[in-house]
Asker: 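Got a structure here, written out as structure tokens. Questions coming.
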Amino acid sequence: MAVLDLKLQNEIDRKRFEANEFYLTDKKQYFKLKYEAWDLYPEPKENWAESYSLAKDFFETYLEENDFENAKEWLNKMIVHNNILHLMDNDLWFNMGKYYFETSKYDEAFNHFKSVVKEAGFRYFENEDKKYLEFYKNPQKYIK
């Protein structure tokens, strides 16, 4: 795995942080700056560990916006990253669980969360919406 040039990474980070300032007030500007940051990564983008977290930013925002088509696109980019770099297995599985939960595929969501808990305990639930942990602890409310 190559290391990204520090000057380039700093420019990407600057755009990401600037985008975050617009997160609550102007989603159009938020996404514009995030896409500009994404475009700065050299091809193939999946070869850079740093770009996984930006793909995750997109995924989480689209998921929060209930834009499941775009969320799935960015989740798939995270999967490709992980298949190449093998750095984020539990994080990826947890996010797949979130996607499946939000798209009402509760069996799949539970299985992904269960795998994460088996490997990493409950730490992935700590800074997330409490509904995911509640679901994991009481899946019978959702799974028929």
Asker: Partners of Tyr106 by ring-ring contact (aromatic ring centres under 6.0 Å, His included), sequence neighbours excluded?
Answerer: Phe101, Phe135, Tyr142
Asker: May I ask you to test the Tyr62-Tyr99 pair for a side-chain heavy-atom distance under 4.5 Å?
Answerer: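 With C-beta onward as the side chain, the pair stays apart.
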Asker: With sequence neighbours left out, which residue pairs that include part of residues 40-49 fulfil the salt bridge (Lys or Arg N to Asp or Glu O under 4.0 Å) condition?
Answerer: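 As it turns out, the salt bridge (Lys or Arg N to Asp or Glu O under 4.0 Å) pairs with a partner in residues 40-49, which skip direct neighbours, are Glu43-Lys45.
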Asker: Rounded at 0.5 Å granularity, tell me how far CZ in Phe31 sits from CZ in Phe22.
Answerer: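 Taking CZ in Phe31 and CZ in Phe22, the distance rounds to 14.0 Å.
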Asker: For residues 81-95, which residue pairs pass the side-chain hydrogen bond (donor to acceptor under 3.5 Å, both in side chains) check, not counting sequence neighbours?
Answerer: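 Only Ser51-His81, Tyr52-Asp91, Lys56-Asp91, Asn82-Asp89, Asp91-Asn95, Asn95-Lys98 qualify under side-chain hydrogen bond (donor to acceptor under 3.5 Å, both in side chains).
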Asker: Which value, rounded to the nearest 0.5 Å, describes the distance between Met96 atom CE and Asn76 atom CG?
Answerer: 8.5 Å
Asker: Quick check: closest heavy atoms across Pro42 and Leu4, and the distance to 0.1 Å?
Answerer: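 Pro42 and Leu4 have their closest heavy atoms at CD-CD1, 3.7 Å.
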Asker: Which residues pass the side-chain hydrogen bond (donor to acceptor under 3.5 Å, both in side chains) test with Glu102, sequence neighbours left out?
Answerer: Lys131, Tyr132
Asker: For Ala19, enumerate each residue passing the side-chain contact (heavy atoms from CB on, under 4.5 Å) test, keeping only those at least two apart in sequence or located in another chain.
Answerer: Tyr30, Leu33, Lys34
Asker: Taking side-chain hydrogen bond (donor to acceptor under 3.5 Å, both in side chains) as the test, write out the residues that go with Glu18, two or more places apart.
Answerer: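 Once residues adjacent in sequence are excluded, the partners of Glu18 under the side-chain hydrogen bond (donor to acceptor under 3.5 Å, both in side chains) criterion are Arg14.
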Asker: How many angstroms lie between CG in Asn20 and CG in Asp57, if you round to the nearest 0.5 Å?
Answerer: 6.5 Å
Asker: Stepwise, does the side-chain hydrogen bond (donor to acceptor under 3.5 Å, both in side chains) test hold for Asp13 with Asn10?
Answerer: CA-CA 5 Å; Asp13 290 343; Asn10 287 339; over 6 Å; no
Asker: Any idea how Phe125 and Phe94 line up, ring-wise: parallel (<30°), tilted (30 to 60°), or perpendicular (>60°)?
Answerer: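 Because their plane-to-plane angle is over 60°, the rings of Phe125 and Phe94 count as perpendicular.
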Asker: We want to know whether Gln9 and Asp5 form a side-chain donor-acceptor pair, criterion being a heavy-atom distance below 3.5 angstrom.
Answerer: no
Asker: If the condition is salt bridge (charged side-chain N to carboxylate O under 4.0 Å, His left out), which residues does Lys32 pass it with, not counting sequence neighbours?
Answerer: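 With sequence neighbours excluded, Lys32 shows a salt bridge (charged side-chain N to carboxylate O under 4.0 Å, His left out) to Glu36, given in chain and number order.
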Asker: Could I get the full list of side-chain hydrogen bond (donor to acceptor under 3.5 Å, both in side chains) partners for Glu64, not counting sequence neighbours?
Answerer: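 With sequence neighbours excluded, Glu64 shows a side-chain hydrogen bond (donor to acceptor under 3.5 Å, both in side chains) to Tyr23, given in chain and number order.
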Asker: Got Trp74 and Leu63 here, is their nearest side-chain heavy-atom distance under 4.5 Å?
Answerer: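 The answer is no; the side chains never approach within 4.5 Å.
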Asker: Between CZ of Phe59 and OG of Ser53, what distance do you get to the nearest 0.5 Å?
Answerer: 14.0 Å
Asker: Rounded at 0.5 Å granularity, tell me how far CG in Leu8 sits from CH2 in Trp48.
Answerer: 8.0 Å
Asker: Using the test side-chain contact (heavy atoms from CB on, under 4.5 Å), find all partners of Lys141 that sit at least two apart in sequence or belong to another chain.
Answerer: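 In terms of side-chain contact (heavy atoms from CB on, under 4.5 Å), with neighbours along the sequence ignored, Lys141 is linked to Glu134, Asn138.
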Asker: Looking at residues at least two apart in the chain, or sitting in another chain, which of them share a side-chain hydrogen bond (donor to acceptor under 3.5 Å, both in side chains) with Tyr124?
Answerer: none
Asker: Looking at Ala49 and Leu87, what are the two nearest heavy atoms and their distance?
Answerer: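 Result for this residue pair: CB-CD1, 3.5 Å.
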Asker: Between Glu50 and Arg16, what is the shortest heavy-atom contact and its length?
Answerer: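 Answer, listing the atom of Glu50 first, then Arg16: O-NH1, 4.2 Å.
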Asker: Can you give me every donor-acceptor pair (side chain of residues 107-122, partner residue at least two apart or in another chain, under 3.5 Å) with its distance?
Answerer:
from   : atom 1 : to     : atom 2 : distance (Å)
Asn111 : ND2    : Asp107 : O      : 3.2
His112 : ND1    : Glu108 : O      : 2.8
Ser115 : OG     : Asn111 : O      : 3.1

Asker: Could I get the full list of side-chain contact (heavy atoms from CB on, under 4.5 Å) partners for Glu21, not counting sequence neighbours?
Answerer: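 Partners of Glu21 under the side-chain contact (heavy atoms from CB on, under 4.5 Å) test: none.
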